[in-house]
Amino acid sequence: MDMAHRLEFRVLGPLDVTSQSGPVRIPAGKQRVLLSALLLAPNTVVSLEELVGLLWDDVRPDSPRAALHTCLTRLRATLDSRGAGPSGLIRTTAAGYLIEVGPEELDLLRFRAHSGAAHAAAKRGDQAAERMALDRAVELWRGPMLPDVRSASLHRDVVPRITEEWLRVRERRHEISMAGGCYDELVGELRELVRRYPFHERFWYQLIVCLCRCGRRVEALEAFGEISGRLREEMGMDPGRQLRDLHLSILRGEPD
């Protein structure tokens, strides 16, 4: 695509579309859902059935394919009017639709590129390069994802999978910092993360380890009590084996 006509999309937070001339307003409602659904599966065909489910959840129109086509036509017109050009970005196939974008046009693809670079650096033992790539990936996150897009199915079935990618990146970045002895620096960040993701046990594990390494054993035990209580009261389950073993080690005073 001609650089003068390029659109840039961001989905790692509120939906954001910009052109060379400024922000592009995507009308609220189905156009935002359709665009988001396509962007969360970039360069991949999304089936008509899946798109219908994401747009209308369990209450479908009488003619869902015709309604989807109408929504797509309107979305194309919105994008074309602000920079996508006459050919548009959204392709129609026999199986469904796909949006063609590159890393320079979509933050999710840039995030995955940095995440992949971090993985490659880890395999060759270059921890400095790995940390730099992880930092770049984390900087792209403006979450939570797509709070301005109304689709229960999208937030139930698609968004959590991508959020999990980001959580793994954060976990790995913490591991590198912990290996370097930066326990005290991580406590505040991890406390914020367990507040936002109260059932993500790995963040709780890392927080408890950091508290112990800072000599804050009582706070570490209190943190274990908090996650244990949350899991039992709200999910009817006990913490995982890793957290339970960590708790036992703290009680025994085992240094490792």
Side-chain angles (χ1 to χ4, degrees), residues 1-48 50-57 61 64-65 67-93 95-116 136-166 169:
M1 184 187 302
D2 191 305
M3 287 292 291
H5 294 139
R6 195 180 77 186
L7 294 175
E8 296 185 11
F9 303 91
R10 295 199 296 173
V11 294
L12 302 180
L15 178 63
D16 183 69
V17 184
T18 57
S19 71
Q20 297 298 314
S21 58
V24 177
R25 180 182 176 276
I26 306 299
K30 303 306 180 188
Q31 286 190 49
R32 297 180 74 82
V33 178
L34 177 55
L35 178 59
S36 298
L38 294 172
L39 289 171
L40 294 183
N43 306 309
T44 302
V45 175
V46 184
S47 71
L48 299 176
E50 183 177 354
L51 287 172
V52 167
L54 293 173
L55 264 69
W56 287 283
D57 294 315
R65 287 177 178 250
L68 175 58
H69 179 73
T70 298
C71 183
L72 179 67
T73 299
R74 291 172 177 169
L75 176 59
R76 277 176 167 154
T78 299
L79 297 178
D80 288 353
S81 68
R82 295 303 300 272
S87 62
L89 295 167
I90 302 173
R91 284 181 47 203
T92 303
T93 73
Y97 301 103
L98 80 158
I99 189 166
E100 295 183 319
V101 288
E104 71 282 1
E105 297 161 337
L106 177 62
D107 60 351
L108 175 58
L109 289 177
R110 291 197 300 277
F111 170 84
R112 287 174 172 167
H114 292 315
S115 178
R136 289 173 176 170
V138 168
E139 287 171 0
L140 291 169
W141 187 263
R142 302 174 296 116
M145 289 182 62
L146 304 174
D148 52 347
V149 177
R150 296 183 180 179
S151 168
S153 298
L154 192 75
H155 287 283
R156 181 187 66 237
D157 301 331
V158 183
V159 166
R161 295 199 302 267
I162 297 174
T163 301
E164 188 62 31
E165 294 180 41
W166 176 75
V169 165

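Owing to the predicted nature of the structure, the values given are computational and were not obtained by experimental measurement.
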Asker: Does some side-chain heavy atom of Val101 sit less than 4.5 Å from a side-chain heavy atom of Leu7?
Answerer: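 Counting from C-beta outward, Leu7 and Val101 never come under 4.5 Å.
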
Asker: Quick check: do Phe9 and Val24 have side-chain heavy atoms less than 4.5 Å from each other?
Answerer: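 Side-chain contact under 4.5 Å: no.
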
Asker: Might you confirm whether atom CZ of Arg142 has over 12 heavy atoms from other residues, nucleotides or ligands at distances under 6.0 Å?
Answerer: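 Buried by this count: over 12 neighbours within 6.0 Å.
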
Asker: Mind listing the closest non-hydrogen atom pair of Arg91 and Arg76 along with its distance?
Answerer: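 Result for this residue pair: C-NH2, 3.9 Å.
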
Asker: Tell me, please, which residues at least two apart from Glu164 pass side-chain hydrogen bond (donor to acceptor under 3.5 Å, both in side chains).
Answerer: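 Glu164 satisfies side-chain hydrogen bond (donor to acceptor under 3.5 Å, both in side chains) with no other residue.
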
Asker: What is the distance from atom CZ of Arg112 to atom CD1 of Ile162, rounded to the nearest 0.5 Å?
Answerer: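 So the gap between those two atoms works out to 5.5 Å.
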
Asker: Taking the side chain as every heavy atom from C-beta outward, state whether Glu105 and Pro103 have any atom pair closer than 4.5 Å.
Answerer: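 Result no, sub-4.5 Å side-chain heavy-atom pair not found.
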
Asker: With rounding to the nearest 0.5 Å, note down the distance linking CD1 in Ile99 to OG1 in Thr44.
Answerer: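 Ile99 atom CD1 to Thr44 atom OG1 measures 11.5 Å (nearest 0.5 Å).
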
Asker: Show me the pairs that pass side-chain hydrogen bond (donor to acceptor under 3.5 Å, both in side chains) and involve residues 27-36, at least two apart or across chains.
Answerer: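 Qualifying pairs: Gln31-Thr78, Arg32-Asp148.
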
Asker: I need the minimum non-hydrogen distance between Asn43 and Leu98, along with the two atoms involved.
Answerer: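 Between these two residues, the closest heavy atoms are C-CD1, 3.7 Å.
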
Asker: For Leu109 versus Pro42, what's the shortest heavy-atom pair and its separation?
Answerer: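 Closest heavy-atom pair between Leu109 and Pro42: CD2-CG, 3.7 Å.
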
Asker: Take Ile90 and Leu34 through the side chain to side chain contact (heavy atoms under 4.5 Å, CB included) test and state the conclusion after the steps.
Answerer: CA-CA 11 Å; Ile90 302 173; Leu34 177 55; 5.9 Å; no

Asker: What distance separates Glu100 CD from Leu89 CG, expressed to the nearest 0.5 Å?
Answerer: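 Reported value, rounded in 0.5 Å steps: 8.0 Å.
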
Asker: Taking all non-hydrogen atoms of both residues into account, name the closest pair between Val52 and Leu68 and its distance.
Answerer: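 Reported closest heavy-atom pair: CG2-CD2, 4.2 Å.
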
Asker: Looking at Val11, Leu108, Asp107, which hits side chain to side chain contact (heavy atoms under 4.5 Å, CB included) with Leu39?
Answerer: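 With Leu39 as partner, side chain to side chain contact (heavy atoms under 4.5 Å, CB included) holds for just one option, Val11.
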
Asker: Can you list everything that forms a ring pair (Phe, Tyr, Trp, His ring centres under 6.0 Å) with Trp56? Sequence neighbours excluded, please.
Answerer: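 Not a single residue meets the ring pair (Phe, Tyr, Trp, His ring centres under 6.0 Å) criterion with Trp56.
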
Asker: Can you see which heavy atom on Gly53 is nearest to which on Ser153, and at what distance?
Answerer: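 Scanning both residues, the minimum pair turns out to be O-OG, 3.4 Å.
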
Asker: Taking Asp57 for the side chain and Ser151 for the main chain, is one N or O donor matched with an acceptor at less than 3.5 Å?
Answerer: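 Not a single qualifying donor-acceptor pair exists.
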
Asker: Heavy-atom distance under 4.5 Å between the side chains of Glu50 and Asp157, does that happen here?
Answerer: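 Sidechains of Asp157 and Glu50: no contact.
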
Asker: Return the CG to SG distance between Leu35 and Cys71, rounded to the nearest 0.5 Å.
Answerer: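 SG of Cys71 is found 9.5 Å from CG of Leu35.
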
Asker: Output yes when a side-chain donor or acceptor of His155 lies under 3.5 Å from a complementary backbone atom of Leu146, and no otherwise.
Answerer: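 Pair found, side chain donor or acceptor close to backbone of Leu146.
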
Asker: In Å, rounded to the nearest 0.5 Å, how long is the span from OH of Tyr97 to CG of Leu72?
Answerer: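 Those atoms lie 5.0 Å apart.
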
Asker: What are the two closest non-hydrogen atoms of Ala37 and Leu51, and how far apart are they?
Answerer: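 Closest heavy-atom pair between Ala37 and Leu51: CB-CD2, 3.8 Å.
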
Asker: Look up atom CZ in Arg10 and atom CZ in Phe111, then write down how far apart they are to the nearest 0.5 Å.
Answerer: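 Result: 15.0 Å between the selected atoms.
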
